[in-house]
Engineer: 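Take a look at this one; I'll ask things after.
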Protein chains: 2
Amino acid sequence: MGMTIRDIAEMCDVSTATVSRVLNSPDQVAEKTREKVLQVIKEENYIPNQIAKNLNSNITNNIALFIFDIMNPFFTKLIKEANRIAFDWNYSLIICDTENEKERELKYLNYINKSKFAGLILTEGISGEILEKLDPSYPVVCIDRYINSNSNRNYPIITSENREGARKAVEYLVTLNHKKIAHVSGTPGVKTADERKQGYLDIVEKYELPVDERYIYTGDFRTESGIKALEYFLSLEEMPTAIFCANDLMAKGLLGRSMSLNINVPGDLSIIGFDGILNNSYYKLTTVKQSIAQMASVAMKELINLIEKKTVSPKERKIPGKLIVGDTCQKL
Amino acid sequence: MGMTIRDIAEMCDVSTATVSRVLNSPDQVAEKTREKVLQVIKEENYIPNQIAKNLNSNITNNIALFIFDIMNPFFTKLIKEANRIAFDWNYSLIICDTENEKERELKYLNYINKSKFAGLILTEGISGEILEKLDPSYPVVCIDRYINSNSNRNYPIITSENREGARKAVEYLVTLNHKKIAHVSGTPGVKTADERKQGYLDIVEKYELPVDERYIYTGDFRTESGIKALEYFLSLEEMPTAIFCANDLMAKGLLGRSMSLNINVPGDLSIIGFDGILNNSYYKLTTVKQSIAQMASVAMKELINLIEKKTVSPKERKIPGKLIVGDTCQKL
DNA sequence: ATGAAAGCGCTAACAC
DNA sequence: GTGTTAGCGCTTTCAT
């Protein structure tokens, strides 16, 4: 059963309050008392019961991270980093893996309400509609997603420079003399997808590229839609010479399908992705790398700050992306 | 702040004990009372405070899963499945991502002791030495790892049929008329590595293959050691015609390096992996697929059983693997 | 079948 | 600077 604060108090001939103070506000305790208590705590290897602490504050150390698929490498990396930071700050990260099913989202939300989570990190892994049921007093930070504007919620958001990153990617293709540059977009309505598409359009407009809406294929961020995208572009009269994909997974699908059709990349077709999460030993994909570690770090620290100090930093934080030149683009 | 059990009790003109009974042992309550209480609970949308419950039992709903790297696809998948099951049973899965650092392992263990976890799932993500510090009364289930035999602990273990699976793989190569079959082993001392190697040796012996210890390269389960392995085998006078890798990641390294050296797979070299976790659009790796979902499921249910009913099933459970024929092996 | 009351281990307001 | 005491919200004896 282990020691309790009372055992320590008795052994030290002080009250439990004093022991508690030694642990939580040591400067309120006389040095002599403090040292004695610390000594005994150490000797007895006393560890305060976290549950009892939680009951007082009515808050656990659990932080929820909403995502829609653990296997998606972007989220896997995000989990890895967020988990590390949470632990370093004495929190536990609970992964709410919703698979985009409303039912699971709801179950998770109820669970959170019941278990008194300390705070939440949201990505696209939960719909705004379900989110309405969350007690508005919960500390929340968003990563790369907005909340429906018709809600009265106003959470801080950490986001990558999607539009700017997409511009970098497409402009890079322009410098390689590409003109017929196509785009495989992500799921419409999803912030990152829309912004990256907008970045693409910015450059199309800036350089007055000879492309139209037929050069935009609407994907859904999954590998399969990259495969379909390639087949779609092949069906056009004029095949693009370069394709900018809204994420690496779709670029991977495109690349794989190209290979199997004996289309030479980058000889016949240049491909560029977005995310920088593919660690592939066959191809080095040219891509816009987001610093997922940095996003996780900024988001977690913001959340912990919100939880512990209740202070809010700037509402929106942008994390810059970086063009990584791999082997999948070629100068014309 | 939300409703408490007391609010409900007052609204129903019963005691808190009765409300508690309605929730936890309903058959002890008169039907009429029960219905009234349930009615009010529903109307008021009362949710019992989990922390308070935990304080009584002195146990949280947290289950720890020890791994050494979230990004390793085997673990990613394991996390995904374990997380789902945990949640379905009203537990939270906490990922203890140790990166094989003793310091982190120790920190996690202390955290678990402090926070009164319900139970632990262990993989190779924690060393036996550190484990000694774990309170022996904790419910624990192991996946594909044993505990040092000099310890007095005796945890149930869920394991894949490593040796049998390896035999299937190598025997398959034999049926393809390969004789010079090499092996890239995993980290020595790690159960899965040793067993898979043993399976390889079984077949070597069974068919009296003309290979010796030079055909065994000692790897460490990481992609890089697959790359090094290929270079090593190339340096031999007689290159093997087929290589069995102790996991997919190393097979991937081998495959990637082969490609970049213009070695045709499977034309010049057949490669076979183990795990079945690579979902690659370039190559379909021939491999022995483990049912990670099944392992996770069996392990979690065993653990939950241990936690809630304190009953133990058979000490060791073997989950069969299955040979998946892809595109990386060829008949000689 | 139900209620009263003690207690889980800790914190914090108040008193000295 | 330290002790007393009343909770935090629930479960669980022990009465009735």
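Each chain gets a letter, A, B and so on, in the order the sequences are listed, and its residues count up from 1.
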Engineer: Considering only NZ, NE, NH1 and NH2 on the basic side and carboxylate oxygens on the acidic side, decide whether B/Lys80 and A/Asp97 come within less than 4.0 Å.
Structural biologist: yes
Engineer: Check if the side chain of A/Arg21 and the base of D/dG3 share a donor-acceptor pair of N or O atoms closer than 3.5 Å.
Structural biologist: yes
Engineer: Where the side chain of A/Thr33 is concerned, which of C/dT11, C/dC10, D/dT2 is the nearest nucleotide?
Structural biologist: D/dT2
Engineer: To the nearest Å, how far apart are A/Ile8 CD1 and D/dT2 C1'?
Structural biologist: 18 Å
Engineer: May I ask you to say what B/Asp13 touches in the nucleic acid, namely base, sugar-phosphate or nothing, with a heavy-atom cut-off under 4.0 Å?
Structural biologist: sugar-phosphate
Engineer: Let me know, please, whether B/Val14 or A/Ala52 comes out on the 5' side of the other along DNA chain C by nearest nucleotide.
Structural biologist: B/Val14
Engineer: Flag yes if more than 12 heavy atoms outside B/Arg317 fall under 6.0 Å of its CZ atom; otherwise flag no.
Structural biologist: no
Engineer: Between B/Lys107 and B/Glu101, is there a salt bridge with N-O shorter than 4.0 Å?
Structural biologist: no
Engineer: With a 4.0 Å cut-off on heavy atoms, is B/Ser20 in touch with a base, just the backbone sugar-phosphate, or nothing at all?
Structural biologist: base
Engineer: Rounded to whole angstroms, how far apart are CG on B/Leu55 and P on C/dT11?
Structural biologist: 12 Å
Engineer: In whole Å, what is the span from the CG atom of B/Asn58 to the C1' atom of D/dC8?
Structural biologist: 15 Å
Engineer: So what does B/Asn24 hit on the nucleic acid, given a heavy-atom distance under 4.0 Å: a base, only sugar-phosphate, or nothing?
Structural biologist: sugar-phosphate
Engineer: Just compare C/dT2, C/dC10, D/dG9 and give me whichever is closest to any side-chain atom of A/Tyr46.
Structural biologist: C/dC10
Engineer: Which residue, A/Ala17 or A/Gln28, contacts DNA chain D at a nucleotide closer to its 5' end, judged by nearest heavy atom?
Structural biologist: A/Gln28
Engineer: Over how many whole Å does the gap from B/Ile51 atom CD1 to D/dT11 atom C1' extend?
Structural biologist: 16 Å
Engineer: Can you tell me the distance, in whole Å, between the CD atom of B/Glu10 and the C1' atom of D/dG9?
Structural biologist: 13 Å
Engineer: Examine the base of C/dC10 for any acceptor or donor lying under 3.5 Å from a partner atom in the side chain of A/Asn56, and report the outcome as yes or no.
Structural biologist: yes
Engineer: Using whole Å, what does the distance between atom C1' of nucleotide D/dG9 and atom CG of A/Asn54 come to?
Structural biologist: 13 Å
Engineer: Is A/Ser57 touching bases, backbone alone, or none of the nucleic acid, heavy atoms closer than 4.0 Å?
Structural biologist: nothing
Engineer: Checking contacts here: which listed nucleotide (D/dT2, D/dT11, D/dC10) is nearest the side-chain heavy atoms of B/Thr16?
Structural biologist: D/dT11
Engineer: Within the supplied structure, the quantity of interest is the number of heavy atoms (other residues, nucleotides, ligands) at a distance under 6.0 Å from B/Glu103 CD; does it exceed 12?
Structural biologist: no
Engineer: Determine whether more than 12 heavy atoms belonging to other residues, nucleotides or ligands lie under 6.0 Å from atom NZ of B/Lys315.
Structural biologist: yes
Engineer: Return the value, rounded to whole Å, for the distance between atom CG of B/Leu23 and atom C1' of D/dT12.
Structural biologist: 15 Å
Engineer: Without decimals, in angstroms, what is the distance between B/Ile47 CD1 and D/dC10 P?
Structural biologist: 11 Å
Engineer: Between B/Glu31 and A/Gln50, which residue's closest nucleotide on DNA chain C lies nearer the 5′ terminus?
Structural biologist: B/Glu31
Engineer: Return no unless some side-chain N or O of A/Thr4 is found under 4.0 Å from OP1 or OP2 of C/dG9.
Structural biologist: no
Engineer: Verify the distance criterion only: is there a donor paired with an acceptor across the side chains of A/Glu43 and A/Gln39 at less than 3.5 Å?
Structural biologist: yes
